[in-house]
Structure formats: C-alpha cells, structure tokens
Amino acid sequence: MATRETKLKLLYLMKILLEQTDEDHVLSTMELINELKRYGISAERKSIYDDIEALNEFGMDIINKRTQPSGFYVAGREFELPELKLLVDAVQASKFITENKTNELIKKLENLTSKFEARQNGEFYIVSPWALTWDDENYYMIAYDSAVKSVKYYRVDKMINTEMTKERRAGRKEFARFDLAAFAKKTFGMYGGEERSLKLRFGNELIGVVIDRFGKGILIHMDDADHFIAHPAVNVSRQFFGWISSLGDRAEILGPDDVVEMYVEWLKSLLKCYHMK
C-alpha cells in the first residue's frame, strides 16, 4: 500500500517538472532528488524513473533527453508557449478588462508554463541591441544579454515601454564574429535550440527548397538517382521538426542518431493528440 509520502512524492515531482522544465531547461535524476528534498521528500534514483513512467502513463509528456545537458523535461502541455503568448496579448489588448483583472489573468496564464517561459513578472529586459532581422513576416531585434552572456532575439512588434539606458552597449566582441545571414539560415521561426551538424536526405525535386532554406554554401552530394544528401548546421527545435515534416516522405533525418530519436519522439507526441475511432 502506498504511503502518504509516496503519494506526495509523485505530486511534488509533477509540480517540479511542470514549473522548472521545458525544452531548453532539463533536470537530471539527482537534481530531481534534491528538489524533492526541499519539500521534505526522500527519493532514490530508481524510484524517480518509476514515478516518471507513472506520470507518462497518466498522460504527461515527459522526455528523457540523452544529449548534454541530459535530463528530464515536460515536452507537451495543455497550452503551447505560442498559444499562451496569443492569449496574453489578447488579454492585454482588451479594452473591457480592468488593469487589476488583466494582471490577475496574465498571472494565471503564466502558471500554465514553466517559470523560464513565463513573462518576467513585469520586470524589464535589459539587453544591448545590435541588429534587426526579418523572419516569417516579423521583425526581430538581435541583442546581447549580459546577465547570461548570450545572444537573444525579440519580436519588435511585441515590445512595449521601451527605454534607452545610459549604459554602454555590451557584446561587441560577440557580434564582431556574429554572422546574421548564417544565423537566419540555421534558425527556424526564431526559436532557439542546440546547434547541430545534421545529415538530411531529400528527393531531388526539393533541391531549390533546400538551397533557399540553407543557402548556396551548403554541402550537398548525390545519394542515388532520385535523392541527395545535405549537411546543414541547424538549431534543432520543434520548429525545425515541423519544417522537415511539412516536406513529407521526401525529407528524412539520417543523423545524428539522438536527433533522429528526438524527431521520432516529437512525431509520437503529435500522434497522441489524435484518437482514431
């Protein structure tokens, strides 16, 4: 019979995964054990695996990421991040909701995603802008975030209450070697992801599509009479997987193996949304 602590462990584990993980933020088994300790719950490594398997059977979409940094994260949620952003924008634009009610609704929407994807509780982003780029009918500002020492990008039409500070712009060394054209070719929908060198197989009729997407400098060679192989550098993300799947059976990811596995898991997560009678 399950003890009270065993039942609580499963609930707290679900809470930790929902609040602290997403595609870009994972927690290892040991990190999950340490997080559970904060709630006064003790756990062993094997029990974590058993509990995650139970949560997946319950209906959660928890992925065990094998590549570094490895760990577990919640892949599918009731609302995806773009859907939540759309809802937040709709709430903010409404003329019939008071300011207090607007903030209350936005706070509730934030609770539907991880703390990393929620908006910053009204705090300002302080970044050093360096470039503008156009992608999928939207302008994005490319900027350097000194706090995390990385390049980030923001939808220009989503910016509000922008101000210019008197601080010196940071990131000069990083942007001296930043290739905006190359960045645009390997990034899909301005969504981040780990940059990987991929091996892709396409039908010959897609040669124009591939060159338009990745540029003329991409390494290509013939595979057989009907197919060619391409070796692009890609920021692997769900948006990239969406692009590949839109090309149907005339496009295939051949490697690396872990990216193929990620793609298969992504396709399986989509199939879970459809229950054929």
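For clarity, every value in this text was computed on a predicted model and none was experimentally measured. Residues take their numbers from the sequence shown, with the count starting at 1.
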- salt_bridge(Asp258, Arg196) N-O dist < 4.0 Å: yes

- Task: Identify whether the distance between the nearest side-chain nitrogen and carboxylate oxygen of Lys199 and Asp257 falls below 4.0 Å.
- Result: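 Result for this pair is no, no salt bridge flagged.
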
In the structure I gave you, are the side-chain heavy atoms of [X] and [Y] within less than 4.5 Å of one another anywhere?
X: Thr67; Y: Lys65; value: yes
X: Ile229; Y: Leu219; value: no
X: Gln20; Y: His25; value: no
X: Leu254; Y: His231; value: no
X: Leu36; Y: Ser42; value: no
X: Val234; Y: Trp243; value: no
X: Tyr39; Y: Lys15; value: yes
X: Ser47; Y: Lys9; value: yes

- Message: Glu205: which residues meet the salt bridge (Lys or Arg N to Asp or Glu O under 4.0 Å) condition with it, sequence neighbours left out?
- Response: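 Glu205: salt bridge (Lys or Arg N to Asp or Glu O under 4.0 Å) contacts with Arg250.
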
- Item | Residues in salt bridge (Lys or Arg N to Asp or Glu O under 4.0 Å) contact with Asp249, at least two apart in sequence or another chain |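 Salt bridge (Lys or Arg N to Asp or Glu O under 4.0 Å) check on Asp249 returns nothing, list empty.
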
- Message: Restricting to side-chain contact (heavy atoms from CB on, under 4.5 Å), what partner residues turn up for Ser245, sequence neighbours left out?
- Response: Tyr263, Trp266

- Message: Among residues at least two apart in sequence or on other chains, which ones pass side-chain contact (heavy atoms from CB on, under 4.5 Å) with Asn204?
- Response: Phe228

How long is the gap from [atom1] on [X] to [atom2] on [Y], to the nearest 0.5 Å?
X: Glu19; Y: Tyr12; atom1: CD; atom2: OH; answer: 11.0 Å
X: Ile48; Y: Met30; atom1: CD1; atom2: CE; answer: 9.5 Å
X: Ser269; Y: Phe241; atom1: OG; atom2: CZ; answer: 10.0 Å
X: Asp223; Y: Phe202; atom1: CG; atom2: CZ; answer: 12.0 Å
X: Phe72; Y: Ile16; atom1: CZ; atom2: CD1; answer: 13.0 Å
X: Glu44; Y: Asp51; atom1: CD; atom2: CG; answer: 11.0 Å

Please report the shortest heavy-atom distance between [X] and [Y], naming the atom on each side.
X: Ala43; Y: Ile33; answer: O-CG2, 3.7 Å
X: Pro256; Y: Ser197; answer: CD-O, 3.6 Å
X: Val260; Y: Ile253; answer: CG2-O, 3.4 Å
X: Asp22; Y: Tyr73; answer: O-CB, 3.2 Å
X: Val26; Y: Ser70; answer: CG2-O, 3.6 Å

- Going only through I, L, V, M, F, W and Y residues with side-chain contacts under 4.5 Å, is there a path from Leu270 to Ile63? no

- Is the backbone N or O of Ile62 less than 3.5 Å from a side-chain atom of Asn56, with the two atoms forming a donor-acceptor pair by type? yes

- Can any side-chain N or O of Thr21 pair as donor or acceptor with the backbone N or O of Leu17 at less than 3.5 Å?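 Present.
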
- Under the side chain to side chain donor-acceptor pair (under 3.5 Å) rule, collect the residues that match up with Arg45, sequence neighbours excluded. none

- Task: Check side chain to side chain donor-acceptor pair (under 3.5 Å) between Glu31 and all other residues, then give those that pass, not counting sequence neighbours.
- Result: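 Per chain and number, Glu31 pairs via side chain to side chain donor-acceptor pair (under 3.5 Å) with Ser28.
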
